[in-house]
Colleague: 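Dropping a structure here in C-alpha cells format, bear with me for questions.
All values derive from a computational prediction rather than experimental measurement. Here, residue 1 is the first one in the sequence, and each next residue gets the next number.
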Amino acid sequence: ELRIIDINNPQPKLLFTGRKDEEIYAKAWSPDGKIIYVTAFLYKPLQTRILAITVKSGAIQVLKTFDFFWFFSTICVSPDGQFIAFDLSTNGHSRGESDIYIMSREGKNETTIIEHPADDRLLGWFPNKNQILFKSDRLGTWDAWVVSIEKGKASWKPKRILTEMGKAWPMGFINNG
C-alpha cells in the first residue's frame with residue numbers, strides 16, 4: 001500500500017493498494033506536490049511499471065510498462081514538472097549497462113539522453129536547473145557527471161564533475177542544488 005500523512009492531520013490517507021503479487025515503491029513527487037511517481041513490480045506477468053498517482057484523488061496512470069523485472073535506482077522529475085527521467089538496464093538485468101531516459105510527464109516521447117556502453121545511473125535533477133546529475137563507470141571508475149537538458153533532450157555532451165565517487169547514492173538535493 002501507498003499512504004500519505006498530512007503533518008496537520010496524522011490520519012494516514014490510502015492512495016494505492018497493489019495487487020497481491022505486486023510490490024510498489026514511491027520514487028518521486030512532482031514539484032507541485034500533486035503527483036507521486038511509483039515503480040510497481042508485478043510477479044505475474046513479470047513486469048515493471050512506472051505509475052503516476054494523483055495525491056488528491058488517488059487516480060492512477062500507467063506511464064510505462066516493461067516486460068521484465070527491473071528495480072529502478074532512481075526516478076526524478078524536472079523542476080518544471082514536464083519531464084520524468086529514469087535509468088534502465090540495457091540488458092534487462094540489475095547489473096551491467098544502464099542508460100538514462102526521459103519521457104514527458106504523460107509517459108510519451110521517451111528518448112535516451114545518456115546512451116553509452118557503460119553503466120550510467122541517474123542521481124537526480126538539479127533544482128531550478130535544466131541539468132541532470134548521474135554517475136558512470138565509463139572511464140573505469142565511478143565518477144559524477146552532469147548533462148544539460150532542453151525540451152526533454154540532452155543539449156550538450158556530459159561533463160565529468162567529480163572523479164572516483166564510488167558507488168554512493170545521494171539522497172537528493174537541497175533547494176539551492
Colleague: So Phe126 and Phe173, would you call those rings parallel, tilted or perpendicular, with 30° and 60° as cut-offs?
Modeller: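 Phe126 vs Phe173 ring planes: tilted.
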Colleague: Can you check whether Gln82's main-chain N or O pairs, donor with acceptor, with Ser78's side chain at less than 3.5 Å?
Modeller: yes
Colleague: Check this for me: does any side-chain nitrogen of one of Glu1 and Arg3 sit under 4.0 Å from a carboxylate oxygen of the other?
Modeller: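 Yes, this pair counts.
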Colleague: Grab the two heavy atoms, one from Val77 and one from Pro31, that are nearest each other, plus how far apart they are.
Modeller: CG1-CD, 3.7 Å
Colleague: Under 4.0 Å between a side-chain nitrogen and a carboxylate oxygen: does that hold for Lys13 and Asp6?
Modeller: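 Salt bridge: no.
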Colleague: Can a donor-acceptor pair be found, under 3.5 Å and without considering hydrogens, that links the side chain of Arg105 to the backbone of Ala52?
Modeller: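 No.
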Colleague: Please confirm whether the backbone N or O of Arg138 pairs with a side-chain atom of Ser136, one donor and one acceptor, at under 3.5 Å?
Modeller: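 Yes; at least one donor-acceptor contact below 3.5 Å.
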Colleague: Quick one: does Trp29's side chain get under 4.5 Å of Ile4's, heavy atoms only?
Modeller: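 Answer yes - side chains close enough.
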Colleague: Take Lys135 and Asp120, measure what salt bridge (charged side-chain N to carboxylate O under 4.0 Å, His left out) needs, and give me the verdict at the end.
Modeller: CA-CA 6 Å; Lys135 68 180 184 177; Asp120 296 327; over 6 Å; no
Colleague: Should Ile53 and Ile35 be marked as a side-chain contact (heavy atoms from CB on, under 4.5 Å) after you check the CA-CA gap, both sets of side-chain angles, and the distance that decides it?
Modeller: CA-CA 5 Å; Ile53 302 175; Ile35 298 173; 5.9 Å; no
Colleague: Output yes when a side-chain donor or acceptor of Thr74 lies under 3.5 Å from a complementary backbone atom of Leu122, and no otherwise.
Modeller: yes
Colleague: What's the shortest heavy-atom distance between Leu133 and Ala144, and which atoms?
Modeller: CD1-CB, 4.2 Å
Colleague: Less than 4.0 angstrom from a charged side-chain N to a carboxylate O is my criterion; do Arg160 and Asp143 meet it?
Modeller: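 Salt bridge: yes.
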Colleague: Mind listing the closest non-hydrogen atom pair of Ile102 and Ala85 along with its distance?
Modeller: CG1-CB, 4.0 Å
Colleague: Answer yes or no on whether Arg121 is positioned over the face of Trp142, meaning its NZ or CZ is under 6.0 Å from the six-membered ring centre and within 45° of the axis.
Modeller: no
Colleague: Pair Thr111, Phe83 - check side-chain contact (heavy atoms from CB on, under 4.5 Å), show working.
Modeller: CA-CA 11 Å; Thr111 184; Phe83 297 98; over 6 Å; no
Colleague: Can you check whether Phe86 and Tyr37 have ring centres sitting under 6.0 Å from each other?
Modeller: no
